[in-house]
Amino acid sequence: MAVIIDGKAISEQIRGELAAGVAAMKQNGTTPGLAVVLVGEDPASQVYVRNKIRACEQLGIHSEDHRLPADTTEGELLALVRELNRREDIHGILVQLPLPRQIRERAVIEAIAPEKDVDAFHAQNVGQIVQGQYDFLPCTPAGVLELIRRSGIPVEGKDCVVVGRSNIVGKPMAMLMLHENATVTICHSRTRDLSAVTRRADILIVAIGRAKFITADMVKEGAVVIDVGMDRDENGKLCGDVDFAAVEPKAGYITPVPGGVGPMTITMLMKNTVTAARLAGGRR
Ligand code: NAP
């Protein structure tokens, strides 16, 4: 039987720490501010944005919700980003992805001032992460690392396998585990004999977007299994990339879906916003 890593509880603990930090900053005259920009009416994005705004409100962070129509041009969006870059009361800017087809995501990400890029997707922030000298980490990999640390799981020298190589999750996740001195392997859709690789993992982190894809025979006895996936099963119920019921008896630690990595992502966004406000204060 695995230890179930409770992402909700760990997330609450961190939010408590952040709320205390925000209160102290406010006493010194700074209220951290986050601007969230949503273009179009994608229902999933609307839910994500609402949750981010709500989390800000709970912690006393100032938040703004900029909603633009689906036919917004790249020029119009870039103009808004530049205006937010200039504002002193806004410390973090998050443009919710995906964007409509007429807008180049890279152009928008690169237009965000790196010191306000709380998603840590800007090339400058990505480069700093690779070098191991960073102010922000992308929210989902940062959340996974925090779950591992706060569960007291040793990483140094362990074999870590990351399945998935997206810019948002897989690649930065692998880099963070490398910085933690794990021996890291990255797998993807062209990996030959995936099971043979995943079975070697002391720590297995899965971010592929396929419901219950990782089965018990792909996991080593006693492994730490972190499931980033947010998928729907055959009945439309939320589930992860790992077949939890089958893998849990074999694993040493495991994250559930929901209630594992998910709650941590927004918490890490809050953390990055507070960090951005603190750093902005230091520059003034
Ligand atoms: P993505 O951009 O679609 O990338 C998926 C990755 O998985 C790709 O690198 C792909 O390989 C790999 N892959 C797909 N099928 C595979 C297979 N059969 N075997 C091995 N590798 C395979 O997805 P993402 O944005 O990283 O998200 C992954 C999952 O995490 C999704 O379920 C998403 O909803 C979830 N997610 C959750 C959170 C959270 O807060 N909990 C945040 C972000 C994402 P190739 O590169 O070769 O195509």
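Quick note: numbers below take in every heavy atom, side chains included, and nothing from hydrogens, waters or symmetry partners. Whatever order the structure lists ligands and atoms in, that order sets their numbers, starting from 1.
In this structure, the protein non-hydrogen atom closest to atom 42 (C) of ligand 1 is Thr140 OG1, 3.2 Å. In this structure, atom 47 (O) of ligand 1 lies nearest to the protein heavy atom Ser189 OG, 2.5 Å. Among all protein heavy atoms, the one lying closest to atom 15 (N) of ligand 1 is Arg210 NE, 3.3 Å. When only non-hydrogen protein atoms are considered, atom 31 (C) of ligand 1 lies nearest to Gly209 CA, 3.6 Å. Of the protein's heavy atoms, Ser166 OG, 3.7 Å lies nearest to atom 24 (P) of ligand 1. The protein non-hydrogen atom at the shortest distance from atom 18 (N) of ligand 1 is Phe213 CZ, 3.3 Å. For atom 30 (O) of ligand 1, the nearest non-hydrogen atom of the protein is Val228 O, 3.5 Å.
The protein reaches atom 26 (O) of ligand 1 closely, with a heavy atom under 4.0 angstrom from it.
Considering each of His188, Arg190, Arg165, Met173, the one bringing a non-hydrogen atom nearest atom 8 (C) of ligand 1 is Arg165. When the heavy-atom distances from atom 7 (O) of ligand 1 to Val257, Thr265, Ile208, Asp241 are ranked, the shortest goes to Ile208.
At a 4.0 Å heavy-atom cut-off, ligand 1 does not touch Thr191 at all. Neither the backbone nor the side chain of Met264 has any atom closer than 4.0 Å to an atom of ligand 1 (non-hydrogen atoms only).
Residues His91 and Arg278 are not in side-chain contact: their nearest non-hydrogen atoms beyond the backbone lie 4.5 Å or more apart. Side-chain contact check for Phe244 versus Ile4: some heavy-atom pair is nearer than 4.5 Å. Looking at heavy atoms from C-beta onward, Leu68 lies in side-chain contact with Val37 at the 4.5 angstrom threshold. Residues Cys239 and Lys212 have side chains in contact (heavy-atom distance under 4.5 Å, counting atoms from C-beta outward).
Remark: Arg150 engages Glu17 in a salt bridge, criterion side-chain N to carboxylate O under 4.0 Å. Salt bridge present: Lys220 and Asp202 bring a charged side-chain N and a carboxylate O closer than 4.0 Å. Arg149 and Glu180 are joined by a salt bridge, as a carboxylate oxygen and a charged side-chain nitrogen come within less than 4.0 angstrom of each other. Ion pairing of Arg87 with Glu64 is present here, as a side-chain N (NZ or NE/NH1/NH2) and a carboxylate O approach within less than 4.0 Å. Using a cut-off of 4.0 Å between Lys/Arg side-chain N and Asp/Glu carboxylate O, Asp6 and Lys8 are scored as not salt-bridged.
The backbone N or O of Ala216 sits less than 3.5 Å from a side-chain atom of Lys250, completing a donor-acceptor pair.
The closest approach between any non-hydrogen atom of Asp231 and ligand 1 is below 4.0 Å. At least one heavy atom of Ala207 sits under 4.0 Å from some atom of ligand 1.
Checked against a 3.5 angstrom limit, the closest N/O atoms of Met230 and ligand 1 fall inside it.
Using a 4.0 Å cut-off to heavy atoms of Val169, the atoms of ligand 1 that qualify are 26 (O), 43 (C), 44 (C). Atoms of ligand 1 lying under 4.0 Å from any heavy atom of Gly262, numbered from 1 in the order shown and given with element: 41 (N).
A side-chain donor from one of Thr215 and Asp217 sits under 3.5 Å from a side-chain acceptor of the other.
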